[in-house]
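Throughout, protein chains are lettered first and strands after them, A, B, ... in sequence-line order, and every chain is numbered starting at 1.
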Amino acid sequence: MYHEKIITKNRINVKGTLYSGQTFLWNNSNILGDYHFSIINSTPIIINQISEYELDVYSDEKSIGGLSLYDFIHHYFTLEINTYSVFPESFSRLYPDIWRLLGNYLSVRIMRQDPFETMISFMCAQGVGMQLIRKQVAMLVQNYGEKRSVSFLGREIILHHFPSPERLAGADLITLSSCTNNNRLRARNIIQVSQGVVEGRIDLEYLCNRQLPLSELRSMLCLNDGIGYKIADCIALFGLGRFDAFPIDTHVKQYLGKWFNSSTALRSLSPRSYLALDGEVRTILNPDLAGYAGHILFHCWRKEIKKLHSF
DNA sequence: CCCCAGGCTTTTC
DNA sequence: GAAAAGCATGGG
């Protein structure tokens, strides 16, 4: 198996990243000792973090998506981004207490994940806890994803591709519901969206267009049942590389109120207050990287303040 | 039986 | 238009 050592000048916390509730792990990736197995861009990849600045990466393929394995991983984990510079220069001066807390979380990264996988995964994330989200995605993957075995260190590891749009588009509603917490409405929405992708009504490649204004991108995603502002922003941030997208959920709403003294955050979250908060955030954070910064704040809030240890 | 969990949709004012 | 209520499910 092909091996590449990735060295980065910026701190990286792959374990934190993998455990941080992203679809990389939701996608039923296996862990064997320190080795993380997953399928990225249809390619089985094994990652082992050996220091704050070093990753060991294994793959059968020397190149992925037209990039060398090294460049692909570098891009996938956004290693070109110095997470210190994600926050405005004035941030440490204006919010010294938060900045101190953030120290351990500046190595958490957003990954450039597959748009379809991100879309379906986050559609499973409304009104349920992290554990249930993971369970749903894992079941989708196991029941509808193509099986793939990898041999590594003398063992056979069974992985699954994320289900294709075609497979989910043709799924039976009741059967699929068993993967969506028995929520038939959610199952229906997932089937509809998958059909949209298959039929080209939802053009993920077009949505990747960087020129598309965020508001327009969000509107287009929200045309689909089961996708509102929050899920749309998650798809943009995690699946379309739009680091300006700032998803606001219950946790984000909480820290905006407590840490940044936003009175809007004390109101109940409605489409109206969502957009108001979105505007406020862009005066606090760098608008172009608001979502990236928000993701770091999110994990810091959950672990340091809420003391949540569930991923 | 209560509340909450990385919200969305429909009804009502 | 915008706020309020309804929705749907499992777990603590």
Side-chain angles (χ1 to χ4, degrees), chain A residues 16-27 105 108 110-111 113 117-140 173-174 176-193 196 218-239 242 245-259 263-279 281 290-311:
Chain A
T17 307
L18 299 186
Y19 283 165
S20 69
Q22 296 312 295
T23 51
F24 189 96
L25 189 63
W26 291 0
N27 176 13
Y105 297 86
V108 170
I110 285 178
M111 294 170 282
Q113 299 173 93
E117 179 174 336
T118 305
M119 180 159 60
I120 301 300
S121 296
F122 275 99
M123 287 179 74
C124 296
Q126 53 186 97
V128 295
M130 203 73 94
Q131 267 188 319
L132 272 179
I133 300 170
R134 300 198 116 82
K135 183 180 167 191
Q136 291 174 80
V137 177
M139 288 185 73
L140 281 176
L173 177 64
I174 305 301
L176 186 64
S177 298
S178 67
C179 303
T180 58
N181 210 25
N182 296 317
N183 187 326
R184 293 189 187 179
L185 196 53
R186 177 173 300 156
R188 189 204 67 183
N189 292 338
I190 286 175
I191 292 174
Q192 279 182 6
V193 160
R218 185 156 57 192
S219 302
M220 295 182 72
L221 288 168
C222 287
L223 290 176
N224 303 289
D225 290 340
I227 299 180
Y229 288 156
K230 192 269 175 179
I231 304 292
D233 279 334
C234 283
I235 298 168
L237 177 63
F238 299 113
R242 292 297 294 256
F246 187 90
I248 301 169
D249 60 33
T250 54
H251 297 282
V252 174
K253 179 175 170 298
Q254 287 170 30
Y255 78 60
L256 288 177
K258 294 277 186 186
W259 279 349
S263 57
T264 316
L266 302 180
R267 292 196 278 152
S268 65
L269 200 52
S270 65
R272 173 78 174 169
S273 60
Y274 189 101
L275 293 179
L277 277 174
D278 187 70
V281 158
Y292 211 115
H295 189 59
I296 292 171
L297 288 164
F298 172 87
H299 285 293
C300 184
W301 172 260
R302 276 178 62 96
K303 296 206 174 176
E304 297 295 325
I305 308 298
K306 303 296 283 186
K307 307 293 182 191
L308 290 173
H309 293 295
S310 65
F311 313 138

Length of the line joining A/Leu269:CG and B/dC4:C1', which is rounded to integer Å:
15 Å
Closest non-hydrogen atoms of A/Arg218 and A/Ala232, given as atom of the first, atom of the second and distance, are CG-CB, 3.9 Å
When the P atoms of C/dA8 and B/dT11 are compared, how many Å lie between them, rounded to an integer?
13 Å
Toward the 5' end of DNA chain B, which comes first, A/Gly226 or A/Pro247, by nearest nucleotide?
A/Pro247
For atom C1', what is the distance between B/dC1 and C/dG11, given to the nearest Å?
14 Å
Given the C1' atoms of B/dG6 and C/dA2, what is the spacing between them in whole Å?
25 Å
Considering only side-chain heavy atoms of A/His299, which listed nucleotide, B/dG6, C/dA3, C/dT9, is closest?
B/dG6
Does A/Leu185 reach a base, just sugar-phosphate, or nothing at all? Heavy atoms under 4.0 Å.
nothing
Here the distance between atom C1' of C/dT9 and atom CZ of A/Arg184, to the nearest Å, is 13 Å
Integer-rounded Å distance: B/dT9 P and A/Gln192 CD:
10 Å
Choosing from C/dA3, C/dT9, B/dG6, which nucleotide comes nearest the side chain of A/Asn183?
C/dT9
Whole-Å distance, A/Leu256 CG to B/dG6 C1', equals 13 Å
Quickly work out the A/Tyr274 OH to C/dA4 P distance and round it to whole Å.
20 Å
For the pair A/Gln254 and A/Lys306, evaluate side chain to side chain donor-acceptor pair (under 3.5 Å) and give the outcome as yes or no after the intermediate values.
CA-CA 10 Å; A/Gln254 287 170 30; A/Lys306 303 296 283 186; 3.3 Å; yes
Determine the interatomic distance between P on C/dA5 and the same-named atom on B/dC3; round to the nearest Å.
14 Å
Interatomic distance, A/Arg188 CZ vs C/dA8 P [rounded to whole Å]
11 Å
Rounded to the nearest 0.5 Å, how far does CZ of A/Phe122 lie from SG of A/Cys234?
4.5 Å
Let's see if you can work this out: which of B/dG7, C/dA3, C/dG11 has an atom nearest to the side-chain heavy atoms of A/Ser270?
C/dA3
Between A/Ser268 and C/dA3, does any side-chain N or O lie under 4.0 Å from OP1 or OP2?
no
As a test of reading the structure: which of C/dT9, B/dG6, B/dC8 is closest to the side chain of A/Gln126, going by heavy atoms?
B/dC8
State, yes or no, whether a side-chain contact exists between A/Arg188 and A/Asp225 at a heavy-atom distance under 4.5 Å.
yes
Among C/dG10, B/dG6, C/dA3, which nucleotide has an atom closest to any side-chain atom of A/Arg272?
C/dA3
For A/Gly127, which contact category applies under a 4.0 Å heavy-atom criterion: base, sugar-phosphate, or nothing?
base
Under a 4.5 Å cut-off applied to non-hydrogen side-chain atoms, are A/Ser177 and A/Arg184 in contact?
yes
A/His251 and A/Phe298: aromatic ring centres closer than 6.0 Å?
yes
Testing B/dC8, C/dA2, B/dG6 for proximity to the side chain of A/Ile231, the answer is B/dC8
Gap between atoms CG and P, on A/Asp225 and B/dG7 respectively (whole Å):
18 Å
Per A/Asn181 side chain, nearest of listed nucleotides B/dG6, C/dA2, C/dT9:
C/dT9
Sugar-phosphate only, base, or nothing, as touched by A/Asn189 at under 4.0 Å among non-hydrogen atoms
nothing
Without decimals, in angstroms, what is the distance between A/Lys307 NZ and C/dG12 P?
22 Å
